[in-house]
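Contents: one structure, followed by commentary.
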Amino acid sequence: GSSDSGSGGSGGGGEDGSITMGFSQVGAESGWRTANTQSIQDSAEEAGIELQFSDAQGEQENQISAIRSFIQQRVDVIAFSPVVETGWDSVLLEAQRAGIPVILTDRSVDSEDDSLYETFLGSDFVEEGKKAGEWAVENWGSQPTYVAELQGTTGAAPALDRQEGFADAIEGTDNIQVVASQSGDFTRAGGREVMEAMLNSNPQINAVYAHNDDMALGAIEAIEAAGKVPGKDIQIISVDAVRDGMQALADGKINFIVECNPLLGGQLMDLAEKVVAGEDVPKRVVTEETTFTQEQAIEALPNRQY
Amino acid sequence: MSTAAPRPAAAPVVEMSGITIEFPGVRALDGVGLRLFPGEVHALMGENGAGKSTLIKALTGVYRYDSGTVTVDGVEQQFATPADAQAAGISTVYQEVNLCPNLTVTENVVLGREPRKRGSIDRRASRERTRRVLAELNLDLDPGSILGRHPIALQQLVAIARAVDTDAKVLVLDEPTSSLDAGEVAELFRVVRTLRDRGVAILFVSHFLDQVYEISDRMTVLRNGRLVAEHRTAELPRLQLVQEMIGRELSTLEHLEREPAHEAPADAVPRLRARGLGRTGAIAPTDLDVHAGRVTGLAGLLGSGRTELTRLLFGADRASSGTVEVDGRPVKLRTPRTAIAEGIAFCSEDRKGEGVVGDLTVRDNVLLALQARRGWLRRIPTKQGDELVAKYIKALDIRPAHPDALIRNLSGGNQQKVLLARWLLTEPRLLLLDEPTRGIDIGAKAQIQALVSQLASEGMSVVFVSAELEEVLRISDRITVLRDHRTVADVDGSTATLDSVVDLIASGGDRA
Amino acid sequence: MPETPTEPRTRRRLDMSSPVVWAASALLVLLVFNAVVNPGFFALRIQDGHLFGSPVDVLKNVAPTLLIAVGMTLVIATRGIDLSVGAVLAISGAVSFTIIDGSSDPTSPATAAVAIGTALAVGLVLGAWNGFLVSVVGIQPIIATLVLMTAGRGLAMLVTDGQIITAENPAFDWLGGGFVLGLPAQVVLTLLVLLVVAALTRRTALGTLIEAVGTNPEAARLAGVRSRSITWTVYVFVAFTAAVAGLMTNANVSAADANRAGLFIELDAILAVVIGGTSLAGGRYSLTGTVLGALILQTLTTTTLTMGVPDEYVRLFKAVVIIAVFLLQAPRIRAALGRRRRSARTSTSPAVPVPAVEGDDVRPLTPASSAEPADATAAEPTTTDQGALR
Amino acid sequence: MTATDSATGTAPAPAPERPDRSLGQAAYAWLRRTDTGSSTFSVLVTALLLVVLFGAGTLRYENFGYPQVALNLLVDNAHLIVLAVGMTFVILTGGIDLSSGAVVALSTVIAASLLQKGWAAPLVIVLVLATGTLLGWAMGAAVHHLQLQPFIVTLAGMFLARGLCFVISEPSIPIRDDLFTGLAQNVIELPGNTYLTYGVLIALVVVAIAVYVLHRTRFGRTVYAIGGNEQSAGLMGLAVGRTKVAVYAISGFCSALGGLLFSLYILSGWSLHAIGMELDAIAAVVIGGTLLTGGSGLVVGSLLGVLVLGTIQSLISFDGGLSSWWTKITIGVLLLVFVVVQRLSTRSSR
Ligand SMILES: Nc1ncnc2c1ncn2[C@@H]1O[C@H](COP(=O)(O)OP(=O)(O)OP(=O)(O)O)[C@@H](O)[C@H]1O
Ligand SMILES: Nc1ncnc2c1ncn2[C@@H]1O[C@H](COP(=O)(O)OP(=O)(O)OP(=O)(O)O)[C@@H](O)[C@H]1O
Ligand SMILES: [Mg+2]
Ligand SMILES: [Mg+2]
């Protein structure tokens, strides 16, 4: 939730033994992201780590300047979810020179020199696409399936990777055919508008692969408005597993969701403590993620945290 | 059609012939010719809307003409831009002040031909040059001050200074004197004569016949877009000139004689009584009484504070001291709206900046003040609006007589008439007229003066400001004389003479 | 006395030089293109008594943008601009959904009424705030509204706590998915607002006064026009339209997304206004043009979606089409086309002076540049500019 | 004519010599001085407010007072400074350039993709600058020759530039070229353990050139004149058309240069970079005291405007406790306080 705007001002921890972490978040562009932020803030408090949190409003330059200011503030460890994979070498080099270890979360960077960061904690978007594709092959492969793909923001890493993973997985399955593919910008409104247009131009569509739950939920609205039954006439796969998506899955409007777990606060704090203590950590830590079918969703729903 | 006038021996520096320009719906010029000789002052005469400004713009590359030829120094030219004309030695002051209000006086004067030192602008030299031309016109202005903060008349003088500051062969002045007082006109003419003696050809437009006869050597008369005649000034009687301009005998010319003074009950409560009204830095605390049915003239030199005072009376500027009573009731004139609610109307001297709403039609412009007073909800019914507009177009002879023409396409004088109509329409009880006859031709001027007298005799109070002292004298029942931002005298209009008022203005006088 | 040329007054003639005509032709071309490329585009079907099909989608999806564009037209006519409409839209959605979500009876019509009323009231307050900054404090509109554009989205997220809030309320959902006479409720609502605005500006003097304020504020002030209240009012109004649009867009997906709802809608709205031929320099405006502009933009979007233009080419495709529309709008090009047409008809008609001054731009000096007359009877180009809705 | 200097009572007299003034009066006159339509005073007010803002940060946050924090304002915003300079030219003529953010993105994408293909860095730099200038020139030509509104022309330019970005490359591309990485990572060490980047130097040089051009050349005067009154400028015989086209070309060039500096800063090319950066540039220019209607403003003001935005951003990074929404609200409120105070303190002087 909201945070106390007056709590800043104390950088340069470490002397008293407590750890100060500078964390630069992408923004708050989706429910997923807010859950992610929440988890990090809560876990930091639990672990007794002092968190300097900075929101980049979706802009890389803000992230870079935030990291610079963390360096100025002499925090003990820096963590961030990069807005984009490229272009981090300089600022990571600065952190390294200042002797501050860096942990990546959620998304990786494509630096050639992987000594610039200690470890990368996060999910694998290509893998998520693959999981979605594999389920599609298994369940749709037997009859002709015309898939509408609702892509995320054009050019964004999750969108590109989820598209790639899905395409890899369904390759060779002649029955599954992606007949339309448009960007819905990861939003409900986008999902709805794109789906409406696709239904008009491609009446044969009988399956949807949405790069996130929000777009799937928007598509459901469009499908229902057009008089079809989501989950039956048109089957839907989506990624994320946020609460609304899980609810739709439990209600039978979505058929399958690949989880992309935002709750990596706990793992992050563990890693941070180890890194600051100088212990060895693996270069890549994959978040614990699963997939949900309708039955699993009904079961999992009551304990869902986000 | 044209009577060829005997001309000087030299070859003309500019010769225009058969110039035709057509605007949508109006043939503004129809086969007009003009010859300018070196070393002459040539007056271009014609009523409002006759096509004078258009002819000048055709010459200087602002408008492209449909047919006809322009030769400069014997070479046929069609200038694509004013810059080309300037490069060919034609320097122009257009009718509406065309300077950059955001720049300083110096920057405006030297703009486009700044002195340079090693590639960059030499500011000291610019300033010096500006000082020199300003001094030549005997103009005391801070060259570093922002142009837009000066009254329109001063801006006009700066524009003239700019035009004079070149070694042009041809100097074109479109109504340069419309808001200048006698002193400045004299200075201007001195400079013009110097230039003429140097061999510069000067084209001069003015509606003041006295000035034209004083300065010009020859004149060309236009009427309704056509060339009427070209004359030597000395050989053309005034009456004939007027006839040629308006195409008929001017009966109203007699009206130019003195208007009868309106009787005012001495003990009556003034319609407007100002006590100690002033604004820091603009006008010293002033007392002023304006009675019903009378015309109060404000006399003074340029910058004496007449405009400032009228603006305070209208609430256009906020007064910093003093009180105002209307019909004995104290009122606070905080905004123009409060003034309008008291039945006060104000016609500004800056018609381009503060008067016309260029994108709107003549009709909307005429009805604007009335509509604003009624509020947006109660729209003036179309029929009533049409009738009112038609009435005033006719009464003030606005041309073209199209309610739906865009006002920005009207000639300067006609725009002024539209603005007058805007305020007359509201039937104010106190009418503040700041230079209402600026740029208006003699026929219309007489009409407007007659109208003002008539309105006054019907009970309206009028405050009348004009750079033309004769006009103020002719029309006013009382004259308040201002000098250096304060009132210095208050005299009876019926007994005042030109000399006595000039004396007062010059000496500062004693409080009457 | 010589005659002044009198012209027949032609208020209702089709003037080929008017931007509105060209916007309309651009739309027509786009529609024809769709019909050819996409035979199914115009296929309308009736289902449960409601109309369905791409044209209906276009109308429904254009509704929020159009609504805001109508308000924006008035703001732009006063020489202003409002960048904060997207944020206001988000706030309106956030407030209404939070109320519904938090109410004890989330499905009752009364709750919906409270939610809608509160959202609209908040919209009015925000508009008043913008209007205050612009007309009283005197801050340049673009910066004054930039403040709310930035902070407003923050406020919306503060209301929703950064979450996407979902709620189902039948009465409220009608705003998004309801139908009136077979047409989507959003379309009907927008039409209604449009008609009211058209009536208000044409049947009262509001339109003229707004134009006066936008063209020459000082002259308007001295003529006694309430410039300040008029300016203030248009900002309140545009915020109101944004609030209504917020209700629509959020009801459309039954969720309030404070962070993404209405993102960049201010650009779309401004673009629609400008395509419609209204100048950003203030003054004369055309509501008809705005409607056409918004329709062009939405048709374009729907076209790219139904055609299935590959994602990486979508923006380029739109850019090219929009540039083409703009080129058609260019006064010079229109003038040239108009002249060609005319001289084909009557070769005797005299050439009209072409603007010769470098740099005569929006307010040209010259008679010909504002509008090339189709023929001599088009004496008042700007009165014919305006369609029936002005 | 008349001497209306109210001190001198006598009638027509040659301009009186200005009496000697005290130091205070001289200072006051200097403050009130205007140069090409722009007052020194409002820029000073802006500068003062900036210092106050920064001072507040120093008081509130430990470490905010480090010299490097102030220098980082330049380091982090070198690209924006260049962008704002170009934007200042355009806005001074009464125009606007909405394409600059997209041109920044396009520049990073072109640079990154060409470098990835192994082109030589200097060639790439020239090509990027040429592309930006050409695009700007085309937009200027459309504004002038086709008489289209600057807003829509540059908006179309923005769509076009973004569209081209996506066509060139959807995913982001890293820049690994030696020249680029060298320029990006080698810093200029300054005393006191502080540093600046080469990008900052370039940006400051651009500012200096712009100041010179605007105030010491005829071209610059013409820019101000057009902003004051375009019609008049034309009637006064200035090269209005050429200047307008040039101004957009300059802005295009600055956007491309800003794009190169940005790609030094982030060492990558991506279609989604710099979204909305044109608004930042416009905001910086306007905060710096330039009127959107044109004709009044100083480049130095725009530089200050960028620093104001940068300071607000730093304050937020240093706070470390602001959620996404409080961040937005805080930015908005700080911006508001700034422009209101600025407006109120310069109002009386107008
Ligand atoms: N841009 C324009 N568009 C349409 N008509 C115009 C335009 N400019 C001038 N006219 C018309 O051309 C005619 C001549 O105007 P012009 O300005 O030359 O008159 P003028 O002789 O200078 O009058 P004044 O003494 O009032 O200044 C008028 O009827 C005017 O309405
Ligand atoms: N020669 C001058 N030098 C400097 N400032 C001047 C000059 N003449 C006028 N002003 C300024 O103009 C203002 C007063 O002008 P105002 O318009 O009230 O005078 P006016 O009597 O109406 O003259 P007019 O309307 O003929 O210009 C004052 O602020 C004064 O400082
Ligand atoms: Mg004229
Ligand atoms: Mg005056």
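Any value given below was found using the heavy atoms of this structure, including those in side chains, with hydrogens, waters and symmetry copies removed. Order of the sequence lines fixes the chain letters, A, B, ..., with proteins taken first and strands second; residue numbering starts at 1 for each chain. Just so it is clear, the structure is predicted and the values come from calculations on it, not from any experiment.
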Given heavy-atom pairs under 4.5 angstrom as the criterion, report whether the side chain, backbone, both or neither of [X] touches chain C.
| X | value |
| --- | --- |
| A:A28 | both |
| A:R192 | side chain |
| A:Q151 | side chain |
| A:S183 | both |

Between C:R260 and A:D185 (salt bridge meaning N to carboxylate O under 4.0 Å), is one present in this structure?
yes
Taking every non-hydrogen atom, the tightest pair across [X] and [Y]:
| X | Y | result |
| --- | --- | --- |
| A:T34 | C:D161 | CG2-O, 4.0 Å |
| C:L305 | A:A197 | CB-CB, 3.4 Å |
| A:N200 | C:G53 | ND2-C, 3.7 Å |
| A:R188 | C:A255 | NH1-CB, 3.2 Å |

For the residue pair A:E221 / C:S254, report whether a side-chain donor-acceptor contact shorter than 3.5 Å exists.
yes
Establish, from distance only, whether the side-chain atoms of C:Q298 and A:E193 form a donor-acceptor pair under 3.5 Å.
yes
Does [atom1] belonging to [X] count more than 12 external heavy atoms closer than 6.0 Å?
| X | atom1 | answer |
| --- | --- | --- |
| C:L44 | CG | yes |
| A:E45 | CD | no |
| A:E171 | CD | no |

Check each atom of C:N61 against the heavy atoms of chain A and say whether the ones under 4.5 Å are side chain, backbone, both or neither.
side chain
Contact origin within C:V58 toward chain A - heavy atom pairs under 4.5 Å
neither
Distance col, row C:I164:CD1 vs A:D214:CG, nearest 0.5 angstrom, shows 3.5 Å
Roughly how far, to the nearest 0.5 Å, is the CG atom of A:L199 from the OG1 atom of C:T306?
12.0 Å
